[in-house]
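Let me begin by presenting the structure, written as structure tokens, before commenting on it.
Keep in mind that what you see is a predicted model, and the values were worked out from it rather than measured.
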Amino acid sequence: QLQASGGGLVQAGGSLRLSCAASGSINGIKARRWYRQAPGKEREWVAAILPNGSVNYADSVKGRFTISRDSAKKTVYLQMNSLEPEDTAVYFCNLYTVYREYWGQGTQVTVSS
């Protein structure tokens with residue numbers, strides 16, 4: 001029910017925008033989040049947006065990434081600026097509800113130095 005897109009290859013200092021579209025009827029949303037997993041590392045939380053519009057970021061991306069949403073399209077975005085090679089990872093979108101969590105399939109982001 002989650003479809004992530006927008007990944008790709010970019011040079012350091014560049015930008016990408018990821019999208020995560022939800023389909024179907026989903027109730028009880030508590031947060032929509034982005035995670036990432038770099039090769040050989042555990043999955044880590046990146047950003048979250050709450051139903052009231054509040055946003056939170058991991059320290060490693062604060063000031064460079066922006067999470068936003070289009071409620072009408074049931075889509076959440078992750079605008080990534082000033083990308084660094086350390087941002088290279090598979091990015092996963094997550095939808096957290098009072099009932100369960102949903103995960104997208106992941107989209108690869110590769111930042112070359």
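By the side-chain hydrogen bond (donor to acceptor under 3.5 Å, both in side chains) test, Ser15 is found to be paired with Asn81, residues two or more places apart in sequence or in another chain being considered.
Put simply, the side chain of Tyr57 gets close to the backbone of Ile67: a donor and an acceptor are under 3.5 Å apart. The main-chain N or O of Lys73 is found under 3.5 Å from a side-chain atom of Thr75 such that the two form a donor-acceptor pair.
No chain of hydrophobic side-chain contacts below 4.5 Å, direct or via other Ile, Leu, Val, Met, Phe, Trp or Tyr residues, connects Trp45 to Tyr96. Leu50 and Val76 fall into different hydrophobic clusters, where Ile, Leu, Val, Met, Phe, Trp and Tyr are joined by side-chain heavy atoms under 4.5 Å apart, directly or via other members. Hydrophobic clustering of Ile, Leu, Val, Met, Phe, Trp and Tyr side chains at less than 4.5 Å, counting indirect connections, unites Ile49 with Trp34.
Annotation: cation-pi geometry satisfied between Arg17 and Tyr77 (NZ/CZ under 6.0 angstrom from ring centroid, within 45° of ring axis).
In terms of heavy-atom proximity, Arg64 sits nearest to Ser82 at NH1-O, 3.0 Å. Scanning both residues, Met80 and Leu83, for their nearest heavy atoms gives CB-CD2, 3.8 Å. The two residues Gln105 and Leu2 have their closest heavy-atom pair at OE1-O, 3.8 Å. Taking both residues in full, the closest heavy atoms of Ala12 and Ser113 are given as CB-CA, 4.4 Å, listed atom of the first, atom of the second, then distance.
The aromatic rings of Phe92 and Trp103 sit perpendicular to each other, their planes meeting at more than 60°, with 30° as the lower class boundary.
In this structure, Lys74 and Arg69 have side chains that are not in contact, with every pair of non-hydrogen atoms separated by 4.5 Å or more. Using a 4.5 Å cut-off on side-chain heavy atoms (C-beta onward), Val61 and Arg36 make contact. Looking at Glu44 and Gln37, their side chains never come closer than 4.5 Å, going by heavy atoms from C-beta outward. Between Val90 and Thr107, the closest side-chain pair of non-hydrogen atoms is not below 4.5 Å. At least one side-chain heavy atom of Thr88 sits under 4.5 Å from a side-chain heavy atom of Gln108. You'll find the side chain of Val98 reaches within 4.5 Å of the side chain of Lys30, heavy atoms only.
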**OP:** Could you go through the side chain to side chain contact (heavy atoms under 4.5 Å, CB included) check for Thr97 and Asn27 one step at a time?
**Re:** CA-CA 7 Å; Thr97 77; Asn27 299 311; over 6 Å; no

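Within the structure, the disulfide bond (SG atoms under 2.5 Å apart) test picks out no pair touching residues 39-73 (sequence neighbours left out).
Between the CG atom of Leu78 and the CG atom of Leu16 there is a distance of 10.0 Å, given to the nearest 0.5 Å. Gln1 CD to Ser23 OG: the interatomic distance, rounded to the nearest 0.5 Å, is 5.0 Å. With rounding to the nearest 0.5 angstrom, the SG atom of Cys20 is 7.5 Å from the CG atom of Leu95.
Between the side chains of Arg43 and Tyr35, no donor-acceptor pair is found at a separation under 3.5 Å.
Under the 4.0 Å criterion applied to side-chain N and carboxylate O atoms, Glu101 and Arg33 are assigned as salt-bridge partners.
With a 6.0 Å radius and a threshold of 12 heavy atoms from other residues, nucleotides or ligands, Tyr102 has its OH atom above the threshold.
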